[in-house]
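Any value given below was found using the heavy atoms of this structure, including those in side chains, with hydrogens, waters and symmetry copies removed.
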Amino acid sequence: MTVEAGDTFDSLLSGAEIDAQLRSELALAVQAEYDLRQLRPGHRLVLERDGQGTPRRLTLDVDGGVQIEVVVDETPSSRTIRPEAEDVERAADITVERSIFAALDEAGAPVRFSVELAQMLAGVVDFRRDLSGGERLELLWRERLTPEGERVSEPVLTYAALRIQDRRLEIVWPENDTRGVTIFEDGEVLRVVSAPIEGARLSSVFGRRKHPILGSVRMHTGVDYAAPRGTPVMATAPGRVSFVGRRSGYGRVVEIKHGADIMTRYAHLSGVTDGLERGQRVDAGEVIGAVGSTGLATGPNLHYEVRAEGRPVDPLDDERLARRSDPELAAAALERLEKIRLAHRQLVRGETEVARRDDHDRT
């Protein structure tokens with residue numbers, strides 16, 4: 001059974017003619033290993049029966065090749081099965097002729113990186129107007145692969161460089177994935193930023209739109225990121241917490257002040273980090289809560305908003321928040337920049353040599 005929109009664990013088992021008592025026991029067994037609120041379309045549920053049709057084993061396939069297995073006995077028991085895998089570092093040196101998306105696709109690199117690059121370089125590069133063809137894009141990323149080469153988790157960018165016109169823009173992600181991302185222009189720190197959710201899909205942009213619940217056309221004062229319930233939400237710049245609580249349609253909210261004139265709002269949260277309270281200082285990349293669907297939301301997502309002097313501004317295009325950087329983070333990123341440039345060159349050179357040997361062997 002493949003999970004589709006609107007399905008629940010209980011509805012799937014009910015459709016398989018499992019009685020209510022056993023459905024409850026199986027749900028408790030799975031819940032001991034996996035939060036069933038994170039069940040979403042694409043996950044698979046396999047139910048094995050014996051010769052008399054009695055359920056004997058249930059397997060739930062979730063993200064990254066992870067399986068939750070339940071042995072059905074007098075008291076169902078469960079365990080998590082994780083695939084054997086290792087982290088592999090990959091590199092690419094790509095020429096952009098039409099678009100970033102097309103260039104990644106043609107090079108066999110993860111096309112989802114195009115969204116992440118657009119988010120990081122918002123306000124610095126307009127990919128629709130500034131790309132004229134012939135730009136060079138360098139990438140370094142990590143993948144987790146099984147021995148058979150199957151990817152079991154989303155690839156994670158660690159470095160990107162874009163040569164455009166007479167500029168060289170570089171993005172360096174931190175090693176621990178918990179602090180701000182640093183953007184360089186021609187070797188100098190341009191800004192330090194942090195996305196509110198790592199690798200999430202941008203599902204709604206800033207501006208006027210038809211409200212998905214109320215139906216009326218109104219101003220959308222932020223951007224929305226679609227992500228599973230419980231996905232960590234992070235502060236996008238250093239600041240102090242100014243509000244933790246609920247605000248009507250926003251649901252559960254955290255608000256952070258960045259100086260006297262800038263505020264960020266994180267809405268529809270399912271929960272807030274334990275101990276987070278008003279007046280507390282937070283760093284860029286620090287986890288402050290988790291994705292949810294509280295308030296007026298059609299499903300799990302983060303509504304992320306930036307306000308300057310009390311007025312909403314486009315989070316992907318306004319420079320004022322990006323300038324609230326941490327000097328210590330910037331200094332550490334300069335050191336990392338040199339190391340990661342070298343790692344990219346060595347890996348690209350190594351993959352090029354392998355490709356040449358393969359071509360020679362074929363001839």
Side-chain angles (χ1 to χ4, degrees), residues 64 85-97 99-122 124-125 127 131 134-146 149-164 167-195 197-201 234 284-285 322 325 329-358:
E86 64 175 351
D87 288 325
V88 176
E89 197 165 42
R90 303 285 305 278
D93 198 337
I94 302 167
T95 299
V96 180
E97 296 296 351
S99 68
I100 299 290
F101 183 95
L104 293 171
D105 189 35
E106 291 166 6
V111 294
R112 64 187 293 272
F113 290 163
S114 62
V115 176
E116 196 162 355
L117 292 172
Q119 292 172 1
M120 289 294 104
L121 294 176
V124 180
V125 176
F127 285 166
L131 296 179
E135 289 80 14
R136 181 180 172 192
L137 177 64
E138 302 168 25
L139 297 174
L140 190 67
W141 73 92
R142 295 193 309 271
E143 295 183 350
R144 190 157 182 80
L145 304 177
T146 65
E150 180 182 357
R151 184 186 295 156
V152 298
S153 64
E154 292 289 352
V156 178
L157 267 173
T158 54
Y159 171 74
L162 178 64
R163 292 183 183 273
I164 182 168
R167 309 162 71 193
R168 179 179 172 86
L169 298 166
E170 294 172 282
I171 310 173
V172 175
W173 281 261
E175 292 181 280
N176 57 13
D177 296 327
T178 60
R179 305 296 296 275
V181 176
T182 306
I183 300 175
F184 300 84
E185 182 169 359
D186 299 328
E188 299 291 332
V189 175
L190 181 64
R191 65 189 192 186
V192 180
V193 297
S194 180
I197 303 179
E198 184 179 341
R201 177 175 63 87
M234 298 169 284
S325 60
L329 291 180
L334 278 168
E335 296 181 9
R336 178 158 163 73
L337 177 62
E338 291 300 325
K339 295 179 181 177
I340 208 163
R341 280 175 175 172
L342 177 61
H344 176 269
R345 287 195 299 268
Q346 291 176 335
L347 196 53
V348 167
R349 189 180 302 122
E351 291 188 351
T352 301
E353 287 299 320
V354 169
R356 286 175 180 168
R357 286 198 298 269
D358 289 344

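- Contact of the F113 side chain with the I100 side chain is not registered, since no non-hydrogen atoms from C-beta on lie closer than 4.5 Å.
- Taking CD of E97 as the reference point, atom CG of L131 lies at 10.5 Å (rounded to 0.5 Å).
- Here the side chains of E138 and R345 are not in contact, with every heavy-atom distance at 4.5 Å or above.
- Residues V189 and F184 have side chains in contact (heavy-atom distance under 4.5 Å, counting atoms from C-beta outward).
- With L169 as the fixed residue, the side-chain contact (heavy atoms from CB on, under 4.5 Å) test singles out one of L117, D186, I164: I164.
- With values rounded to the nearest 0.5 angstrom, R142 atom CZ is found 8.0 Å from E89 atom CD.
- Here L162 contributes atom CG and I94 contributes atom CD1; the two are 11.0 Å apart, rounded to the nearest 0.5 Å.
- Atom CG of L190 is separated from atom CD1 of I171 by 10.0 Å, given to the nearest 0.5 angstrom.
- When all heavy atoms of W141 and P155 are compared, the pair lying nearest together is CD1-CB, 3.8 Å.
- Between P110 and E143, the shortest heavy-atom contact is CG-OE2, 4.2 Å.
- Atoms CZ and CZ, on R168 and R136 in that order, are 7.0 Å from each other to the nearest 0.5 Å.
- Taking each heavy atom of L140 and A343 in turn, the nearest pair found is CD2-CB, 4.3 Å.
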side-chain contact (heavy atoms from CB on, under 4.5 Å) evaluation trace for V172 with K339
CA-CA 11 Å; V172 175; K339 295 179 181 177; over 6 Å; no

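- Between E170 atom CD and T182 atom OG1 the span is 11.5 Å, to the nearest 0.5 Å.
- When side chains are defined from C-beta on, L139 counts as touching L104, because their heavy atoms get closer than 4.5 Å.
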